[in-house]
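Taking it in order: structure first as C-alpha cells, then the write-up.
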Amino acid sequence: MDHGTETGVPPGRGAGEGVPAEHAAAGRIPLAVVVVDREGLVSHWSRGARRLFGASKEEALGQPAADLLPVSGALPDDGDPDEDTTPYGAQPADDGLGPDLESSLDGRLSYPASGRARLTVPGRDRVDVLWWAYPLVGPGRGRLLVLAADTDVLRQEDDGLAVERIAPGFALHTNFPGADELARRLPEILPSMSVGESARIVAQILELGYPVLEFSQNDLVPVTPDWGVPRRAERKARRERAARAVQAGEPLPEDLRDDVEDLEHAAVRERLEFLNDVSGRIGTSLDLSRTIVEVSKAVVPRFTDVAGTYLREQVVAGEGFPDGVPDTTTMWHRVALEHTDEPGRWDDVVPVGEAMPFPAHTPFFQCMTSGQPVLVPRISEQMGHMIASQFEKRDIRPLITGRSMLVVPLKARNVVLGFMILLRHPERVEFNDMDRVTGAELAARAGLVLDNARMYTYQESVAETLQDSMLPHIPPRMAGCDIATRYLPGTLLGRVGGDWFDSVKLPGARTALVVGDVMGHGLNSAAMMGQLRTAVQTMAAMDIPPAQLLRNLDDLAQRLGDTYLATCLYAVYDPIASELHIANAGHIPPVLVRAEDGRSELLDLPTGAPIGVGGVPFEAVRVRVRPGDRLVMCTDGLVEVRGEDIGVGLATLCESAAHPAASMDDACDTIIRALNTRGGRKDDVALLMTRLGGIEPDDVAEWRLALDPAEVGRARAAVREQLHEWGLGKLVDSAAQLVSELVTNAVRHSHARPVELRLVRGETLLCEVDDDDHNLPTLLSTEPTAESGRGLRVVSTLAREWGTSRTGAGKTVWFELTLPRRR
C-alpha cells in the first residue's frame, strides 16, 4: 500500500463474500454501514450490512436499530463461541462490551465509541464483529453512523496484525442522504484524525468506490476497540495532565510526550476548523447590518463569551473617510454586542448604537492605530477602572474586571474600519498567543467582508441619492387631474435602476404623463435615466407631439451612445377635450379604468421599438376618456416575475387597478400589494396613476382678438365680466391688468393670425394668450425709465406662476392666480 501500511490480509484468506482478493490483500475490506435516525430507526442499510448481519435492506429500513445490531455480547477471553452467542434477531447478552452503542440508540451517546460482539447470521457460521459508532450533528435525520466489520477477515493467528490498529473510513458511495456532507466532515466524524490523513483516506475511498477499512501498524487510530488500548476517558485524563505540565513549565514524563503532540495537533486543527466555520457563516450578503450580526454571532460562544463590534462613524453612515490612522477624535459606533451572560445585563451599560472616542492610553486605541491585535490576559482592577472612566455614570467594572480580553482590528486594504472587543469569563481559560493569531486571522477575514459590504452600501447610497434627486416631486393636483405615484427599488444587488415617472404642465390646461425604464441597474442606468428625463421635460415644454417627441428622444439616445436602451410611454391629457394622446416606445401598455362601470382594460397601442434602437417610426393614438376615468402607467418590474408569463402580471394589474379605493394613494397601495407580494420581483418599479377629472365647459372661456391695439380694452372688459360671472370678483383687478400686458405684447408681435385668449377655472385661475410669433419673451432687468420689458416684470410680480412655451403655430404665454378660499 502506498500509504504506509505494512501488514495486510493475505490473499484469499477470509476476504468475505464478494470481496476481490486483491483488495483484501491490500488491506481493505467492505464495511457494513448503518445510519440510525433520531427515533432510533434504521434509515440506511448498506450491502455490506446485508452481508454481515443477514437482513435485507427492505427488512431493515424503518426497524428499531437495537433489534438488528449487536449492541452487546463480548467474546470471552478464550474465544470459545459456545460461551457467548448472539443469534440474529435475538436480544444480545448484557455481560460484554457494547453498552455505549446501546445507549447511543436512545440518543445518549455524545462521543465516538466502539465495541466487539459475536452473532449468528442465518446461513453462516458465527461471526466475530468489530463496530464503531459516531454521533452525527447538524441538520438531517441521521443521528448515529455505525460501521461494522468481520474480524475473521482482518487477521490470522500468525500475521501479527494488531486489531486495535484498524481505522474505519467512509465514502460517498454508500448512497444515502447526507453522505457527501459526511465525507467532507470526516475529521469531525473521526475526531482524532488529522486533516491530511482524512483527505488521503477519502481520496483512496473514492477511488475504490465502496466503504473500506484502512489499517496500519505505525499509526494510532481515532476510535479503537476497548482491549489493549486506553479508553477515551483515560486518554482525556492523560492529555489534561500533559496540558497542566506544559502550563506549569514542568518536564514532561516520557509517557505524556505523545499526548502533548496530540494536544498541539488538536489545537491547530480546531483553529483551522473554527476559521473555516466562521468564513462560511459570514458574508452571506452585502447588507452591512446583516454582516455585522453574522460576524458577532460567529465567535460567541465558541471562541469568546462576549463580542463587541465597533465601526468608524463614516462606515456606519456609508460615507468615505480621510486616509491615515484614526486618532483620539475619531468616533466609533458600537454596532453589535453578543454575549452569553443573562439577557439585558449589558444593554443599559453598553447599549448598541452608542458612539464614542477612545483615549490614547487604552488598549483599544493601541489596536486601532497599530492595526494589530492587543492581548490582555486578565483585566486588572486598575485597568478596569481606567476603561470604566470612559463611561459616564455607568460602572462597567463588574462586567470586565478579571476577564481575559483580546482586541482585534477589523481592517481591509491596510485601512482600519473598526475593531472587536472579545472577552472571556474569568473561569474560562484566558486568551493566549495562538488565540491572538487566530483573532488576527478572524479579523482579517471579517474585515474584508465588512469592507465589501461598506463599499456596496456606499455605492448604493450614492446611486440612491442620485436617483432620488432625479425622481420628480409631482404635485397631487394638475389641471383637470389628480396624480399619485410610487417608486420601489429593486431587490437585487445593484438594485438602483433607471425607472422614472414624470408630469409636465402643457399649454391649454393639458398635462404630459411619462413613465420610462432604462434597461439595466446601477449608477450608469440612473445617470442615463436622468438625461432622458431632462430631455423629455424640455421637449414636452415645447409642446412637441407624442410621436415626434419619442422620435427626438431616440435620436438623442443614439448620440449619447449605443450602450443603453430604454422604454418610454408618453401621454398627453387634454381635460377640456376629454382626450388622451399616447405614443409608446417598447413599453408595457397602460391600463384605463372606466369610471362608468369600473371596467379596466389594457389600451391597445402600437408598441414601437425601445428608445436607442434607432430608425424605427413611432405612432400616436387618441383615446376618448370621461371624467373620473383612471389611467395607470407602470414599468415592467411591477408585472414581470422570473419564470412567469408576463400576461399573468398584466392580468393582475388590470384586476387590482379596477378595485374600488377611497383615495388615489389607497388605489396605488392596492396595486402594489397585489403585485409586489407574489415573490420573485428583482427589478425596480415606477407607478403613476392619474384620475382624469376633466374640466367642464362652463369652466372655460375663450376669445379671438384681432391684431388691433383696441382689442386690449375689449380683452380686459371680457375678463372682468367672466370673473364676476364665476364669482371671482376679488381677482378682477389683478387678472385684468395681467391680461392687458399679455394681450398688448401679443398684438404687437403677431404676424397674421388672430390672438387667442383663454380663461380656465380649476384649482387655480389659468390665463393663456396664444399668438403666431415663435420668439419667446424673456424677463429682463429694466431701469425705471425703460420703455420696454416692464410688462413681464408686472406679470412676474403679480402672478402666482407664469411661463411661456412654443406651439406648432407660434407660442403661448400664461399665468396663474390663486383662487380665493371658499367659505
Please name all residues satisfying side chain to side chain donor-acceptor pair (under 3.5 Å) with Thr309, sequence neighbours left out, ordered by chain then number.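 So Thr309 forms a side chain to side chain donor-acceptor pair (under 3.5 Å) with Ser296.
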
Side-chain contact, heavy-atom cut-off 4.5 Å: [X] with [Y]?
X: Val36; Y: Ser43; result: no
X: Met420; Y: Val299; result: yes
X: Arg436; Y: Thr438; result: no
X: Leu406; Y: Val408; result: yes
X: Leu375; Y: Asp433; result: yes

Sequence-distant partners of [X], side-chain contact (heavy atoms from CB on, under 4.5 Å), two or more places apart:
X: Pro409; answer: Cys367, Pro373
X: Arg345; answer: Asp341, Glu342, Leu399, Arg403
X: Gln63; answer: Leu68
X: Asp347; answer: none

Got a salt bridge between Glu430 and Arg424, using NZ or NE/NH1/NH2 to carboxylate O under 4.0 Å? no

Using every non-hydrogen atom in the two residues, find where [X] and [Y] come nearest and quote the distance to one decimal.
X: Val34; Y: Ala49; answer: CG2-CB, 4.0 Å
X: Phe53; Y: Trp45; answer: CD1-CH2, 3.6 Å
X: Leu52; Y: Ala148; answer: CD2-CB, 3.7 Å
X: Leu337; Y: Trp346; answer: CD2-CB, 3.4 Å

Any donor-acceptor pair under 3.5 Å linking the side chain of [X] with the backbone of [Y]?
X: Ser404; Y: Arg378; value: no
X: Thr304; Y: Val300; value: no
X: Asp305; Y: Thr340; value: no

Looking at NZ of Lys411 and CG of Leu417, how far apart are the two atoms once the value is rounded to the nearest 0.5 Å?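 Rounded to the nearest 0.5 Å, the NZ-CG separation comes to 10.5 Å.
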
